[in-house]
Amino acid sequence: MEAFYRDLVAGHRTGVGHAVLRSLLTGVSLPYRGLVAVRNRLYDAGMLPVAHAPVPVVSIGNITLGGTGKTPFVELVSRWFSERGKRVVILSRGYRSAAGPNDEARLLATNLPGVPHLQGRDRVALAAQAVGRLNADVLVLDDGFQHRRLARDLDIVLV
C-alpha cells in the first residue's frame, strides 16, 4: 500500500481517477502542513517541552514517504557504535506492531542480535527505559526526524 501512495504522489500513476485522488491528498495535506509548522515553531520557541536523555541520541529519518533506506542505515550506525564497545539501544515507533515486532524490528533483531530494540509511541519513556534498565550508552532513533519530544544530538536525514 505504501508503494501505491508513493507512486501516486510522485505522479507515476496516471489517469483521471489518480489525478482526482492526488488533488484530494493535496487538499488534505495543506492543513496538516500548517499544523506541523505551528507545532515545530512551538518546539523551536521552547513552548513545548523537550526531554534530554543522559546519553547521546542519534536520529535516522527522512523527509519522504519510505524507501530511503532508514532501516539499513539504522543497522549500520548501530553496528558502528557496537563495534566500538558502546551499548546501543534502538528506539522506534513500531508502526503496525500491535501483534508483535514489525518487519523492521525482526530484520534488525536478526542482523543485530545483541542490540535491544524498543518500540512504542512514547520515545521519551523508551529512552528512560533504555538508559535505566538496559544501561544504554547511545540511543538510535529509527524514523525519528519528525519526533521532537526527545532531544537529538545528531540528525541524519536520508533522501
Side-chain angles (χ1 to χ4, degrees), residues 1-10 12 25 29 32-33 35-159:
M1 192 65 142
E2 185 177 309
F4 171 80
Y5 287 111
R6 186 173 45 245
D7 289 347
L8 176 72
V9 171
H12 299 299
L25 288 172
S29 73
Y32 177 77
R33 181 184 290 174
L35 290 172
V36 169
V38 168
R39 175 184 161 268
N40 284 335
R41 283 193 189 100
L42 292 173
Y43 273 112
D44 292 342
M47 298 174 80
L48 289 176
V50 176
H52 293 267
V55 299
V57 176
V58 178
S59 170
I60 312 297
N62 64 0
I63 55 175
T64 59
L65 182 66
T68 56
K70 286 187 311 286
T71 301
F73 204 79
V74 165
E75 179 183 339
L76 176 86
V77 168
S78 298
R79 180 172 282 117
W80 188 87
F81 280 114
S82 293
E83 289 172 349
R84 283 152 182 79
K86 300 297 180 189
R87 176 82 169 141
V88 178
V89 177
I90 300 168
L91 308 179
S92 68
R93 170 82 194 281
Y95 295 104
R96 296 182 298 269
S97 65
N102 61 12
D103 293 346
E104 289 89 358
R106 288 194 301 275
L107 177 67
L108 290 168
T110 299
N111 294 347
L112 299 169
V115 176
H117 184 174
L118 303 179
Q119 292 186 314
R121 287 187 62 108
D122 188 350
R123 294 197 205 171
V124 172
L126 292 178
Q129 187 178 11
V131 173
R133 275 198 9 232
L134 301 174
N135 300 314
D137 294 319
V138 177
L139 302 176
V140 176
L141 297 183
D142 183 2
D143 200 12
F145 185 60
Q146 291 82 11
H147 185 81
R148 298 287 305 265
R149 281 189 53 229
L150 181 61
R152 291 95 51 136
D153 296 288
L154 177 63
D155 274 317
I156 299 173
V157 181
L158 305 176
V159 291

Whether the side chain of Arg152 engages the backbone of Phe145 through a donor-acceptor N/O pair (distance < 3.5 Å, no angle test) should be reported. yes
On a heavy-atom basis, the closest approach of Pro49 and Tyr43 is O-CE2, 3.4 Å
Heavy-atom nearest pair, Gln119 first then Ala105, reads NE2-CB, 3.5 Å
Electrostatic pair Arg106-Asp103, nearest N-O below 4.0 angstrom: yes
Closest heavy-atom pair and its distance - Gly144, Ser59: C-OG, 3.1 Å
Apply the test side-chain contact (heavy atoms from CB on, under 4.5 Å) to residues Arg148 and Val50: give CA-CA distance (whole Å), side-chain angles for both, the deciding distance (0.1 Å), then the verdict. CA-CA 7 Å; Arg148 298 287 305 265; Val50 176; 5.7 Å; no
Heavy-atom nearest pair, Pro56 first then Asp153, reads CA-OD2, 3.2 Å
Measure the CG-CD distance between Asp142 and Glu75 for me, rounded to the nearest 0.5 Å. 11.0 Å
Shortest non-hydrogen contact from Leu112 toward Ser78: CD1-CB, 3.7 Å
For the side chain of Arg79 and the backbone of Asn111, is there at least one donor-acceptor N/O pair under 3.5 Å apart? yes
Using the rule side-chain contact (heavy atoms from CB on, under 4.5 Å), only one of Val88, Val89, Leu139 pairs with Leu134; which is it? Val89
Can you tell me how far the CG atom of Leu108 sits from the CD1 atom of Ile90, to the nearest 0.5 Å? 4.5 Å
Interatomic distance, His147 atom NE2 to Arg121 atom CZ [nearest 0.5 angstrom]: 10.5 Å
Testing Ile63, Thr68, Asn62 one by one against Val159 for a side-chain contact (heavy atoms from CB on, under 4.5 Å), which residue passes? Ile63
With side-chain contact (heavy atoms from CB on, under 4.5 Å) as the test, would you mind laying out the steps for Val115 and Ser82 before giving the verdict? CA-CA 8 Å; Val115 176; Ser82 293; 3.6 Å; yes
Criterion side-chain contact (heavy atoms from CB on, under 4.5 Å) on Val55 and Val138, from CA distance to verdict: CA-CA 6 Å; Val55 299; Val138 177; 5.9 Å; no
Smallest heavy-atom separation, Gln146 atom then Arg39 atom, equals O-NH2, 2.9 Å
Which value, rounded to the nearest 0.5 Å, describes the distance between Leu126 atom CG and His117 atom NE2? 9.0 Å
To the nearest 0.5 Å, how far apart are CZ in Arg84 and CG in Asp137? 14.0 Å
With rounding to the nearest 0.5 Å, note down the distance linking CZ in Arg93 to CD in Glu104. 13.0 Å
For a side-chain contact (heavy atoms from CB on, under 4.5 Å) with Leu91, tell me which candidate from Asp143, Leu118, Val140 qualifies. Leu118
